[in-house]
Amino acid sequence: MSLMKPDMKMDESFYKIEEIRHLTGETFSLKLPKARFAFQAGQHISLGIVGGNQSREYSIYSGVNDDHLEVLIKEVEQGYFTPRLRKLRPGNMVEVHGPFGKFGMEPEHAATGKFVFIASGTGIAPFRSIVHTFPEIDYQLIHGVRYSKEAYDRNEYASDRYTLCTSRDKNGDYHGRLTGYLKSCNFAPDTQFDLCGNSEMIFDALEILKRKGFDRDQIHCEVYF
Amino acid sequence: MIPNKKKTVAFKTLGCRLNQYETDALVTDFSEAGYDLVDTNSSPDVVIVNTCTVTNQSDQKSRTVISQAARKTKNAVVVVTGCMANNFKEKLESQENITFVVENSRKSSILALVDAHFSGEILHPDKLPQDVFRYEPVRKSLHTRSAVKIQDGCDNFCTFCIIPMVRGRAVSRPVADVLESVRKTIGNGFKEIVITGVNIGRYQDGESRFEDLLAKILEVPGDFRVRISSLEPDGFGDDFVQLFANPKLMPHLHLCLQSGSEKTLLRMRRMYNVEQFRKTINRFRAVYSDFNFTTDIIVGFPGETDDEFQQTLDAVNEFKFSHIHTFKYSVRKGTRAERLENHIHEKVKNARSLLVRELSVGNKMNYFKSFIGQTENVLIEKITQGIANGYGQHYIPVRFKVSGEMKNTVHSVTLTEIRGTDEEMYLFGEISN
Ligand SMILES: Cc1cc2nc3c(=O)[nH]c(=O)nc-3n(C[C@H](O)[C@H](O)[C@H](O)COP(=O)(O)OP(=O)(O)OC[C@H]3O[C@@H](n4cnc5c(N)ncnc54)[C@H](O)[C@@H]3O)c2cc1C
Ligand code: SF4
């Protein structure tokens with residue numbers, strides 16, 4: 001059933017959900033029609049449920065040229081919005097505003113830079129968008145999750161570029177928090193670091209990178225909570 | 001025939017400099033259309049309340065001002081605009097004492113709405129054009145300096161801030177429009193312009209960034225000085241520092257630090273860290289040793305530990321801001337910080353706020369002391385009983401004796417002593433030109 005009232009006019013910012021991909025018991029992606037706005041891989045949108053009065057920010061999970069606008073969402077049990085999002089079905093309408101934010105990858109940088117992407121949980125979303133948009137980009141992706149089943153769409157990343165750190169099972173490439181893995185890594189001095197996820201992880205990772213001698217200007221952060 | 005009596009309009013403005021500017025532009029619109037400017041006690045035909053919603057206190061203040069204005073002006077057309085009109089539109093629209101609720105994006109067309117109302121036309125505010133830069137250059141102002149708006153909106157989504165929700169995404173006014181507005185504002189007699197917007201550091205018109213625009217503004221011929229309203233401390237380079245060598249650009253920046261703790265800054269989703277802030281301050285002070293930095297600090301942000309707060313005190317000590325707007329964190333409905341854990345008890349916030357204030361007053365005193373015996377060029381804003389009040393180029397408040405009407409003129413003043421206390425501290429001096 002559509003949540004739109006019959007007299008509600010179709011708005012540029014309304015998108016019909018075309019598909020829902022269930023990636024784990026808690027995490028799913030919403031596939032919407034192609035974005036009606038230009039965006040940079042890495043940017044986020046604000047998402048609302050048509051008829052509702054709240055919205056939340058979500059990184060764009062799809063690439064700039066993909067046929068769908070996609071977002072990756074983890075249901076937070078005590079949360080307000082995600083349990084409601086979870087109830088949506090294909091055909092329901094959501095409201096999308098954006099793109100927003102400075103965490104976007106410039107094409108010139110993607111072509112010439114060397115990147116390390118560091119993500120916790122759904123913080124992988126902007127990096128998937130970047131990798132979809134710039135398949136040739138030189139990157140390493142370090143993904144920290146609790147269980148290996150949370151390695152969302154892992155098969156889309158070259159196996160030598162993706163490192164899964166699992167803190168609650170031993171099925172990842174590294175058993176423990178991603179910050180433990182990060183401490184053991186060596187990176188070229190001109191590496192650019194992009195960090196995305198919760199602020200605790202970002203803070204710890206920043207400290208490690210600073211101790212390794214990297215300048216704060218080489219590090220870019222997108223904090224989810 | 002009874003001649004048409006001139007209509008009167010009163011304004012009430014709350015909140016930031018951008019709101020002040022937008023009111024000034026509306027004052028210009030209305031006075032050019034033949035309205036007389038009066039206060040709300042003089043039974044105006046129209047009263048316009050430009051509201052703010054940035055904190056719960058500002059909501060409360062806005063509500064009080066609206067009901068006072070409506071009560072005092074029983075038969076007036078009451079227009080409510082500003083950020084509260086965006087945040088609580090439906091609620092305000094249902095209030096009988098309000099005639100029109102006009103969102104920020106349509107604020108510049110309020111005159112058309114009011115004129116239509118008086119000529120019997122029925123025009124709904126939602127039908128007004130949306131243009132956040134349509135404002136005429138200020139001619140008649142409630143102040144001595146005039147703002148020039150270069151940018152609106154912000155999409156940084158700092159977790160405590162409602163502005164992205166009420167002002168919308170960052171948009172920049174084209175360079176040519178800004179320059180035209182600057183020329184006209186100076187032509188209208190203003191000696192000082194303040195570059196204003198929601199997040200002006202994000203200015204971008206094609207290839208022109210904020211510092212490029214500023215360089216062009218400084219090239220506009222004329223005898224005027226330029227100030228920058230508050231600035232987010234990220235993303236400017238050496239070119240920006242160099243611009244302050246131009247005597248037209250005043251050596252003061254209000255750079256919002258908010259916290260001295262990296263962890264708190266991350267939870268706030270601020271786009272810089274303390275190290276970057278330090279670099280910026282040092283870059284300026286290496287070139288201009290007496291450069292004035294003022295700032296905003298939020299104390300008691302959710303999860304702020306004693307250690308994190310201590311880091312803020314350390315930063316305040318180190319950066320020696322001459323003035324700090326200290327805000328005790330208060331929950332803003334609809335923001336991400338509302339949903340963060342570990343909200344801080346009011347008592348702790350009060351104690352922390354007091355500590356910041358104490359440090360801030362000490363810093364102010366030291367900064368002011370360093371100006372005794374120096375000369376500042378002061379733009380007179382008002383004269384009360386022969387004492388002129390104004391700001392020197394470093395944005396320090398100065399008072400001195402004058403004779404005659406010298407408002408809106410700049411004078412060289414030798415500073416002799418500090419007077420007043422705390423927030424009311426100022427430098428007293430003698431005119432030396
Ligand atoms: C710029 C930006 C981009 C974001 N992108 C994404 C994204 O791509 N995917 C996504 O799932 N979320 C993303 N978020 C978080 C998202 O906006 C919501 O906060 C989240 O979906 C939970 O909403 P809620 O109302 O259910 O709970 P809220 O009331 O918003 O949050 C309650 C608590 O849940 C926890 N939490 C919030 N988000 C997550 C999460 N993603 N994973 C685990 N715990 C969380 C936090 O402790 C938070 O305090 C992003 C946030 C920002 C600021
Ligand atoms: S930078 Fe942050 S505090 Fe400033 S307007 Fe934007 S969201 Fe609000």
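First the proteins, then the strands, lettered A, B, ... as listed; each starts at 1. Everything numeric in this text was worked out from a predicted model, so none of it was measured.
In this structure, the side chains of B:Lys279 and A:Arg216 stay at 4.5 Å or more apart for every pair of heavy atoms. Contact of the A:Glu57 side chain with the B:Arg269 side chain is not registered, since no non-hydrogen atoms from C-beta on lie closer than 4.5 Å.
Listed by chain and number, the residues in a side-chain hydrogen bond (donor to acceptor under 3.5 Å, both in side chains) with B:Gln242 amount to none (sequence neighbours excluded).
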Tell me which donor-acceptor pairs under 3.5 Å the side chains of residues 159-172 of chain B have, and how far apart each pair is, sequence neighbours excluded?
residue	atom	partner	partner atom	Å
B:Thr159	OG1	B:Arg267	O	2.7
B:Arg167	NH1	B:Glu22	OE1	3.4
B:Arg167	NH1	B:Glu22	OE2	3.1
B:Arg167	NH1	B:Asp152	OD2	3.3
B:Arg167	NH2	B:Asn19	OD1	3.1
B:Arg167	NH2	B:Glu22	OE1	3.3
B:Arg169	NH2	A:Gly98	O	2.6
B:Ser172	OG	B:Gln204	N	3.0
B:Ser172	OG	B:Gln204	O	3.4

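The distance from atom CG of B:Asp155 to atom CD1 of A:Ile45, rounded to the nearest 0.5 Å, is 13.5 Å. Note that CZ of A:Phe81 is 9.5 Å distant from CZ of B:Arg339, once rounded to the nearest 0.5 Å. Annotation: the span from A:Ser199 atom OG to B:Leu340 atom CG amounts to 8.0 Å, rounded to 0.5 Å. For the atom pair CD of A:Glu222 and CZ of B:Phe157, the computed distance is 10.5 Å after rounding to the nearest 0.5 Å.
In this structure, A:Lys212 places its NZ atom where more than 12 heavy-atom neighbours from other residues, nucleotides or ligands lie under 6.0 Å away. In the displayed structure, A:Glu108 atom CD is contacted under 6.0 Å by more than 12 heavy atoms of other residues, nucleotides or ligands. Shown here is A:Lys34, whose NZ atom has more than 12 heavy atoms of other residues, nucleotides or ligands within 6.0 Å. Shown here is B:Glu308, whose CD atom has more than 12 heavy atoms of other residues, nucleotides or ligands within 6.0 Å.
Side chain of B:Arg336 to main chain of A:Tyr224: a donor-acceptor pair is present (N/O by atom type, distance under 3.5 Å, no hydrogens or angles).
Neither the backbone nor the side chain of A:Asn53 comes within contact range of chain B, judged by heavy atoms closer than 4.5 Å. For A:His44, the part lying near chain B is the side chain, with the backbone staying farther off; criterion is any non-hydrogen pair under 4.5 Å.
Each of B:Glu262, B:Met271, B:Gln276 has some count of heavy-atom pairs under 4.5 Å with chain A, and the biggest count is that of B:Gln276.
One finds no salt bridge joining A:Lys210 and B:Glu275 here, because no Lys/Arg side-chain nitrogen approaches an Asp/Glu carboxylate oxygen to under 4.0 Å.
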